[in-house]
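Chain letters run A, B, ... following the sequence lines, proteins first and then strands; every chain starts at 1. This one's a predicted model, so the numbers in the text were calculated from it and none came from an experiment.
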Amino acid sequence: MIKAILVFNNYGKPRLTKFYHHYAEDVQQNIIRETFQLVSKRDDSVVCNFLEGGSLIGGSDYRLIYRHYATLYFVFCVDSSESELGILDLIQVFVETLDKCFENVCELDLIFHVDKVHHILNELVMGGMVLETNANEILLRIEEQNKLEKQEAGLSTAPARAVSAVKNMNIPQQIKDMKLPDLPNIGGLKF
Amino acid sequence: MTFRKVVDNFERFFDKNLTDLVRGIRNNKENEAKYIAQCIEEIKEELKQDNAAIKSNAVAKLTYLQMLGYDMSWAAFNIIEVMSSTKFTHKRIGYLAASQCFNENTEVIMLTTNMIKKDLNSQNMYDAGCAMSSLSCFVSTDLSHDLANDIMTLLSSTKPYLRKKAVLLMFKIFLKYPEALKPAFPRLKEKLEDPDPGVQSAAVNVICELARKNPKNYLSLAPIFFKIMGTSTNNWMLIKIIKLFGSLMPIEPRLGKKLLEPLTNIIHSTSAMSLLYECVNTIIAILISISNGLPYYNSSIQLCVQKLRILIEDSDQNLKYLGLLAMSKILKTHPKSVQAHKDLVLACLDDKDESIRLRALDLLYGMVSKKNLMEVVEKLMKNMSESQLGNKYRDELLSKIIDICSQNDYQFIVDFEWYLSVLIDLTRVEGGTSHGTLISQKILDVAIRVESIRKFATNQMAIIIDNSYMFISTSVCEVLYAASWICGEFVEYLPDKQNVLFGLLVKQSLPAHIESIFIHNACKIYSKICEEEKDTEKLKEIANRIIGCLDPFLVSEDLEVQERATNFLQIVKISLEPETTNFASIFYAYPLNPVASIAQQKVPVPQELLIDEPFRDAEEEVEEVNHFIQSFYVKENNEDGYQDHQDYQDQQDQQDQSDQQDSKYKDTKHRQLDRENNPHYLKTNKKRNFNETDVICEPDSAEEAYDFTLKERNKNFIPGLASSEAYAKKSKESRKKSKKSKKPDENQEEEDSQLVTIKGLEMPEGAEIEDPEPIKVKKKVTKKKVKKEKEKEKEKEKGKEKGKEKEKGKEKSKKKKIKQEKAT
């Protein structure tokens, strides 16, 4: 079972939090802080991606499995029924899917569209169990849901969209893109 | 009216949407909290509107704020309103908010039952999909009870997307409402063979989770899983199945044997490391469960070890870590097959990742043997001196070295001189260590228990005492404790007694407990000198010098030091008197033998000793006092002739109280006085336990960091102090030579002569260290140990006869060694 999925940046700012076990908001924030401290002090290039769980989340049976992409950490807290390498691969699938949905995903996409990221995650993991690992199937489902949304939007929300378009225009040149580097593939791990 | 509504709506168009909120927070980094508080106020306003779009926008913003740690449970009802919207867009926002904020204790979720029911049966598949995703996060017992049937119906939906989600949701329902499991189980079983791979995978997933909780019930499904394992190519699912077999196996051992072949096949055929790793792991579990290691299984072990080697050799740190982890599991049951890969494990000790190094250390513990111990420890010692190590890791490494050497009562140690020099080296590691006490204990243990090492040990310790200034401010100063004790106890081996004696009496800034042990052992050495030295003039000279040296200790702040110094002073004075007492009889009445740390507990309690019973009942005592007081007053009353009974009663009550207090006060005063006057009374506020060193030493300054890398060695070189490296070299050379030059018979002889007897730990009569009570020791080990000890005793008896022969043998081998040294 997966107990929690956390995405935060290099400074520990949460970009996505999903707890499959109920914690009060302040505990959640403490967990994020603790996990960030555990993960961020490790030197990426030489260390492995597994960690014993923190004191706040889990216990002896739980481990933190994480990947670090450019400015973002993707951390999964899982128990021993999950395969370590499998979860690493799941993170890869998640990020690849994000990359396809946002077209070259960067931290800003996650900042401004956290709801969409949640919807994508919901197609991967459900209630702490892995739902789907096939990236194509996930993409298909998300596209279909997006279509539904567009149909509903139709004419009625046109003025709102116009307004938000105007609002967007004011921003000078938007914000610089922080692009994630090309996603490395793990050799021989294909699902 | 309609116009007003339109205007109202129009204004709402300029409300912040989620993007505006995020942007606003980013632009108000200075006063984020204030800005967010303002936004929450706005959100509250928006939630009051009737328009569903506005409401869902507000809820979406709240969901974002929840991630930042703001409570949103106050909006629970509004979330339900948004969930019940007819539009998918709004509904999804509502369900997302619910999954983030609701839990089974949220009160309003009772209101969601019908709405969720409607959504589950909705025409739009995604309505049901997002309802199920969300429900899986906050499902409660009541909800499970009410919705179990609807979800069960979805198990046989025509759409795989819904079947898949329903299967996973069922697991959550079983957790809250176990009664649902029985009727749902046949359908769940069907799903194991669903044509859609996603549904099949979900079903496997759920069964695995169920089997983890109660494996027995799912044994009957083994054939189906067996079939899937043979046909499926979905690695994710295969991993789950293999893990499942791992948890089923302990209950059905026959399963393990059956599994070996297909697992081996997968290992050979797969290219996915994750699958390979899980297969190896499960095979290891099988082999452990079939403990009667038939030769037939040797090939599977070999295969596992071989594959793990590939993992460990991989450049990917993750594979390396997992490989070592699995390797340590094999080590427990099949140490020999792992020992072949010692080179690999040793190489991992140089890895940059600390967690990998620690895993490798774990493995090393089980890999050493008589033959390779020296080599392994040498390698570890080299690692110790690498300066970039963290303190924590260095300490871990140090305690591991000691663990490895002293395991099974020094089973693998051939040359104790070498071991002692290792221990001494450890005290001089650059950067110091917090394990000073441990090292000190081990040095003591070896010196006491291995008689043949005592001369060497005493010599080495004397050198350490000579250079004690080098150990002053590090935590390794504990080693001085051992050094002084050994010098004092085995004083007959000391080369230069006077030198050591005065070395101990130099006033340095050592912790008090070490200073006091110094003085004590100086006293022991002095007694020996008295016994040996016949020249009274010389003795006088020494005694006077000692008296001079003791001065600073006599005024020490520490009571223990003061007391011991005074003691020593008096003894020296007595010795100066013309008719000196025989000191040897005081200090060397009989030899000290090692006593097991649990020996005291084994001394049987005499039957007549009633420890739990108080000497006197507390209540009885109080009553007696009362009685006494009362009788006193009655007497008084009679004398004075009180008439008014009431008056008397009051008087008595008052006096009673005050007198009681008075007597109490007097009692305590009296007791205090008694205490102060009584010279034998031990004051409890300055308790000191000498075995537990409670003096915390300051971390050493950079100046006193000790190097022993070859280059810088000269700086801190202590002449005469043994180094483990030198010993290791010597032993290597001698081994080479002996192989070349000696006949096998002679070899045997030499090995015999090198056998060192280790004294067993003493216990009270009839008790054995291995007695299961009160300290629990594993039974298997105890039997072996008892046997060993019996054998040792027998050997000792025999040894008395053969002693002479042995001595001859020793001499021979010594001569040979000397010859070799000369030759080299």
Seminar exercise, completed: To the nearest 0.5 Å, atom OG1 of A:T97 lies from atom CD1 of A:I120 at 7.0 Å

For this session: Please name the pair of heavy atoms, one in A:C77 and one in A:L64, separated by the smallest distance, quoted to 0.1 Å.
Result: CB-CD2, 3.8 Å

Problem set entry | Between B:L21, B:L322, B:I356, B:V206, the one whose heavy-atom pairs under 4.5 Å with chain A are most numerous | B:L322

For this session: Determine whether B:C348 and B:R357 make a side-chain contact, defined as any pair of heavy atoms from C-beta on separated by less than 4.5 Å.
Result: no

For this session: Sort B:N124 into side chain, backbone, both or neither according to what part of it lies under 4.5 angstrom from a heavy atom of chain A.
Result: side chain

Exercise. If you take all heavy atoms of A:L72 and A:E107, which pair is closest and at what distance?
Worked result: CD2-CG, 3.6 Å

Problem set entry | From A:I32 atom CD1 to A:E34 atom CD, the distance as rounded to the nearest 0.5 Å | 11.5 Å

Exercise. Using a cut-off of under 4.5 Å for heavy-atom pairs, which of B:N205, B:I93, B:L96, B:N105 has the most such pairs with chain A?
Worked result: B:L96

Exercise. Relative to chain A, which segment of B:F88 carries a heavy atom at a distance below 4.5 Å: side chain, backbone, both, or neither?
Worked result: both

Exercise. Atom CD in A:E132, atom CG in A:L90: separation rounded to 0.5 Å?
Worked result: 10.5 Å

Exercise. Side chain of B:N103, backbone of A:H22: donor and acceptor closer than 3.5 Å?
Worked result: no

Exercise. Can you say whether A:E82 sits under 4.5 Å from chain B via the side chain, the backbone, both, or neither, judging by heavy atoms?
Worked result: both

Seminar exercise, completed: Of B:R212, B:K240, B:K172, the largest count of non-hydrogen pairs under 4.5 angstrom with chain A goes to B:R212

Seminar exercise, completed: For residues 8-15 of chain A against chain B, heavy atoms under 4.5 Å, the residues are A:K13, A:P14, A:R15

Problem set entry | Portion of A:N146 that has a non-hydrogen atom of chain B nearer than 4.5 angstrom | side chain

Exercise. Taking all non-hydrogen atoms of both residues, which atom of B:S85 and which atom of B:K91 are closest, and how far apart?
Worked result: O-NZ, 3.1 Å

Exercise. Is there any residue in residues 130-139 of chain B with a non-hydrogen atom under 4.5 Å from a non-hydrogen atom of chain A, and which ones are they?
Worked result: B:M132, B:S133, B:S136, B:C137

For this session: Please look at A:D26 and chain B and tell me whether the side chain, the backbone, both or neither of the residue comes under 4.5 angstrom of a heavy atom of that chain.
Result: neither

Problem set entry | Inter-chain contacts: residues 64-71 of chain B against chain A, heavy atoms under 4.5 Å | B:Y64, B:Q66, B:M67, B:L68, B:G69, B:Y70, B:D71

Problem set entry | Within 45° cone of A:F19 ring axis and under 6.0 Å: A:K3 NZ or CZ | no

For this session: Rounded to the nearest 0.5 Å, what's the gap from CD1 on A:I91 to NE2 on A:H68? Could you check?
Result: 12.5 Å

Seminar exercise, completed: Counting heavy-atom pairs under 4.5 Å with chain A, the top scorer among B:E104, B:K165, B:M72, B:E278 is B:K165

Exercise. Which residues satisfy the side-chain hydrogen bond (donor to acceptor under 3.5 Å, both in side chains) test with A:H113, sequence neighbours excluded?
Worked result: none

For this session: Identify the heavy atoms of B:M125 and B:L162 that sit nearest to each other, and give their distance.
Result: O-CD2, 3.6 Å

Seminar exercise, completed: Ranked by heavy-atom pairs below 4.5 Å to chain B, first place among A:L16, A:T17, A:D115, A:V114 goes to A:T17

Problem set entry | Side-chain H-bond candidate by donor/acceptor type, A:E152 with B:T89, under 3.5 Å | yes

Exercise. Passes salt bridge (Lys or Arg N to Asp or Glu O under 4.0 Å), A:E137 versus A:R141? Steps please.
Worked result: CA-CA 6 Å; A:E137 166 77 13; A:R141 297 302 168 197; 3.0 Å; yes

Problem set entry | Which portion of B:L319 sits near chain A, non-hydrogen atoms under 4.5 angstrom | side chain

Exercise. Contact part of A:Q145 toward chain B, heavy-atom cut-off under 4.5 Å: side chain, backbone, both or neither?
Worked result: both

Seminar exercise, completed: Among A:S83, A:A24, A:G128, the residue with the most heavy-atom pairs under 4.5 Å to chain B is A:S83

Exercise. How far does CZ of B:R92 sit from NZ of A:K116, to the nearest 0.5 angstrom?
Worked result: 9.0 Å

Seminar exercise, completed: Heavy atoms of B:A326 and B:Y277 approach each other most closely as CB-CE1, 4.0 Å

Exercise. Nearest heavy-atom pair of B:W236 and A:G86: which atoms, and what distance?
Worked result: CZ3-O, 3.2 Å

Problem set entry | Within the 6.0 Å centroid threshold, strictly below: A:F74 and A:Y66 | no

For this session: Heavy-atom distances under 4.5 Å only: say whether A:N134 touches chain B with side chain, backbone, both or neither.
Result: neither

Exercise. Is B:L325 close to B:R359 at the side-chain level, that is, under 4.5 Å between some pair of heavy atoms?
Worked result: yes

Exercise. From A:D61 CG over to A:S80 OG, what is the distance, rounded to the nearest 0.5 angstrom?
Worked result: 3.5 Å

Exercise. Given the options A:E144, A:Q29, A:E84, which has more heavy-atom pairs under 4.5 Å with chain B than any of the others?
Worked result: A:Q29

Exercise. Checking A:V125 against chain B: side chain, backbone, both or neither under 4.5 Å from a heavy atom?
Worked result: neither

For this session: Answer yes if the side chains of B:N318 and A:N49 hold a donor-acceptor pair under 3.5 Å, and no otherwise.
Result: yes

